[in-house]
Colleague: 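What follows is a single structure, and I will ask about it in a moment.
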Protein chains: 2
Amino acid sequence: MSGNEPRLSRASVARLSLYLRSLEEFSRHGLDNISSGRLGESLGVTDAQVRKDLACLGNLGHPGVGYPVPELTAAIRHVLGIDRTWRIALAGVGNLARALLRYRGFREQGFRIVALFDADPTKIGQVVEGLQVHAPEQMSEVIAASGAELGALSVPSEVAQRVADQLAAAGVRGILNFAPVVLRLPPGVCLVSVDLTVQLEQLAFLVQMKKGD
Amino acid sequence: MSGNEPRLSRASVARLSLYLRSLEEFSRHGLDNISSGRLGESLGVTDAQVRKDLACLGNLGHPGVGYPVPELTAAIRHVLGIDRTWRIALAGVGNLARALLRYRGFREQGFRIVALFDADPTKIGQVVEGLQVHAPEQMSEVIAASGAELGALSVPSEVAQRVADQLAAAGVRGILNFAPVVLRLPPGVCLVSVDLTVQLEQLAFLVQMKKGD
């Protein structure tokens, strides 16, 4: 985390993303307007919290009518910075990388994986899902040419810090880290870690609490 | 989310998991005691927040000395409910499933994938990472025999709700969902969703905010 925190909390930002997922579903079902109550219900959030989260987007809600789905969708995409395409360089071409390359949700939201890197000589030069795998030594050059601003890190824990440093040195502005380790990045590079064990631990905790009821 | 919320917020629970990751790293480096400041520093959390989060574990901290690493580790594992093994049934045997099966972090924290399911007839009967792939029709039987209490859902979005219902009907108490859709589960079944697009959107938001500085 940097010293310059955005005005929105990470939790609010995460909820904005989830509202977006719901709005897209409502839109597919042909809904033009949605109440804060119904939007919150789909995510287990109170309508007061929904209104608070959406207040930063301007006066979009109308009493008795709700929020207009297309305008709210556009406003959330704008504030999240995803009303544009983000290009991603992915380091570590294993099973997780292959899953990410096929993950439709990324493309639908404007995220495009445009460059692949792996240190394994047997993988370098291979074409995976239409992209050639490059050696780590080519990172700066390939990332500059590809226009990737974000990096995704799906390498083993032992090398995660080193490869993260390489990605940062090659010019990415943010890294999505899947390795279950704590990384340190230069101040100019943002970090979001996806620790799948943390998610499983949350689930175990919830199940355990429920048992105790 | 159920009506019976645990006393700890989800954010606190997530932080407890992250403290645990840091404590394990400190332990590997031979540290016996750790201050709230240093523990927080590794995660970008204030020492006041660390002390607040850890207060629920009892009087473990000693002024001027800090927290004893082994006792704090054990206390967090206990409160999270991971001082035991959790068995997991995994539905959808694609690239993500293969990545999860090889994800060392799960095993290290006591999570064991013990059963695999897929609706694809060409996959049923295959052995992946030592586990046989079963048909969805066998779910109740196989889950009961395997002792799986948790389910992991790595199927395409279109079938996610249906397979989640099957897992719930087969007796799992909680589901870790990787499909980018909003799921509805019966009241007795907990849900944690890992929406990778949400994580990427958070990263895009942070990078965009930093650009504006």
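Residue numbering restarts at 1 for every chain, and letters A, B, ... go by the order of the sequence lines.
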Colleague: Taking side chain as C-beta onward, heavy atoms only, is A:Val114 less than 4.5 Å from A:Ile88?
Modeller: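 A side-chain contact is absent here, since even the closest heavy-atom pair is not under 4.5 Å.
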Colleague: I'd like to know which of B:Ala204, B:Gly105, B:Gly174 tops the heavy-atom pair count under 4.5 Å against chain A.
Modeller: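 Counting heavy-atom pairs under 4.5 Å, the top option is B:Ala204.
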Colleague: Less than 4.5 Å to any heavy atom of chain B: does that hold for the side chain of A:Phe106, its backbone, both, or neither?
Modeller: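 Both the backbone and the side chain of A:Phe106 come within 4.5 Å of chain B.
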Colleague: In terms of heavy-atom proximity below 4.5 Å to chain B, should A:Glu149 be classed as side chain, backbone, both, or neither?
Modeller: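 Side chain only.
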Colleague: Is a side-chain donor-acceptor pair under 3.5 Å present for B:Asn33 with B:Tyr67?
Modeller: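 No, no side-chain donor-acceptor pair sits under 3.5 Å.
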Colleague: By a 4.5 Å heavy-atom criterion (distance strictly below it), what part of B:Leu100 contacts chain A: side chain, backbone, both, or neither?
Modeller: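 Interface part for B:Leu100: side chain.
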Colleague: Between B:Val181, B:Ile82, B:Leu80, which has the largest tally of heavy atom pairs under 4.5 Å with chain A?
Modeller: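 The option with the most such pairs is B:Leu80.
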Colleague: Count the heavy-atom pairs under 4.5 Å between each of A:Gln202, A:Glu201, A:Arg173 and chain B, then report the option with the highest count.
Modeller: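 So the answer, after comparing A:Gln202, A:Glu201, A:Arg173, is A:Glu201.
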Colleague: Sort B:Leu176 into side chain, backbone, both or neither according to what part of it lies under 4.5 angstrom from a heavy atom of chain A.
Modeller: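 Its backbone and side chain both get close to chain A.
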Colleague: Could you check whether B:Gln199 and B:Asp195, counting side-chain N and O atoms only, form a donor-acceptor pair closer than 3.5 Å?
Modeller: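 No pair is found: no donor N or O on one side chain lies under 3.5 Å from an acceptor on the other.
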Colleague: How are the rings of A:Phe117 and A:His134 set relative to one another: parallel (under 30°), tilted (30 to 60°) or perpendicular (over 60°)?
Modeller: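 Answer is tilted, since the angle falls between 30° and 60°.
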Colleague: For A:Ser36 and A:Arg51, does a side-chain donor sit closer than 3.5 Å to a side-chain acceptor?
Modeller: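 Indeed, the side chains of A:Ser36 and A:Arg51 share at least one donor-acceptor pair under 3.5 Å.
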Colleague: Select one option (side chain, backbone, both, neither) describing which atoms of A:Ser154 are under 4.5 Å from chain B's heavy atoms.
Modeller: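 Neither the backbone nor the side chain of A:Ser154 comes within 4.5 Å of chain B.
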Colleague: Identify which part of A:Arg102 has an atom lying under 4.5 Å from any heavy atom of chain B, answering side chain, backbone, both or neither.
Modeller: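 When you check distances to chain B, only side chain atoms of A:Arg102 fall under 4.5 Å.
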Colleague: Give a yes or no answer on whether the side chain of B:Trp86 reaches the backbone of B:Gly81 with a donor-acceptor pair at less than 3.5 Å.
Modeller: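 Such a contact is found between B:Trp86 side chain and B:Gly81 backbone.
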Colleague: Is it the case that atom CZ in B:Arg77 sees more than 12 heavy atoms from other parts of the structure closer than 6.0 Å?
Modeller: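 Enclosed: over 12 neighbouring heavy atoms sit under 6.0 Å from CZ of B:Arg77.
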Colleague: Check each atom of A:Leu96 against the heavy atoms of chain B and say whether the ones under 4.5 Å are side chain, backbone, both or neither.
Modeller: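 Looking at A:Leu96, backbone and side chain both touch chain B.
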Colleague: Pick from A:Thr197, A:Leu20, A:Val192: which one has the most heavy-atom pairs with chain B under 4.5 Å?
Modeller: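 Most heavy-atom pairs under 4.5 Å with chain B: A:Thr197.
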Colleague: What part of B:Ile175 is in contact with chain A, defined as an atom under 4.5 angstrom from a non-hydrogen atom: side chain, backbone, both or neither?
Modeller: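 Interface part for B:Ile175: backbone (N, CA, C, O).
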Colleague: Any side-chain heavy atom of A:Leu39 sitting closer than 4.5 Å to one from A:Phe26?
Modeller: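 A side-chain contact exists here, since the closest heavy-atom pair is under 4.5 Å.
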Colleague: If we count only N and O atoms by modelled type, under 3.5 Å, do the side chains of A:Gln109 and A:Glu24 hold a donor and an acceptor together?
Modeller: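 Yes, side-chain donor-acceptor contact under 3.5 Å.
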Colleague: So which part of A:Leu150 gets closer than 4.5 Å to some heavy atom of chain B, the side chain, the backbone, both or neither?
Modeller: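 Interface part for A:Leu150: side chain.
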Colleague: Which one wins on heavy-atom pair count under 4.5 Å against chain B: A:Arg84, A:Arg98, A:Glu25?
Modeller: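 Sorted descending by pairs with chain B, the first entry is A:Arg98.
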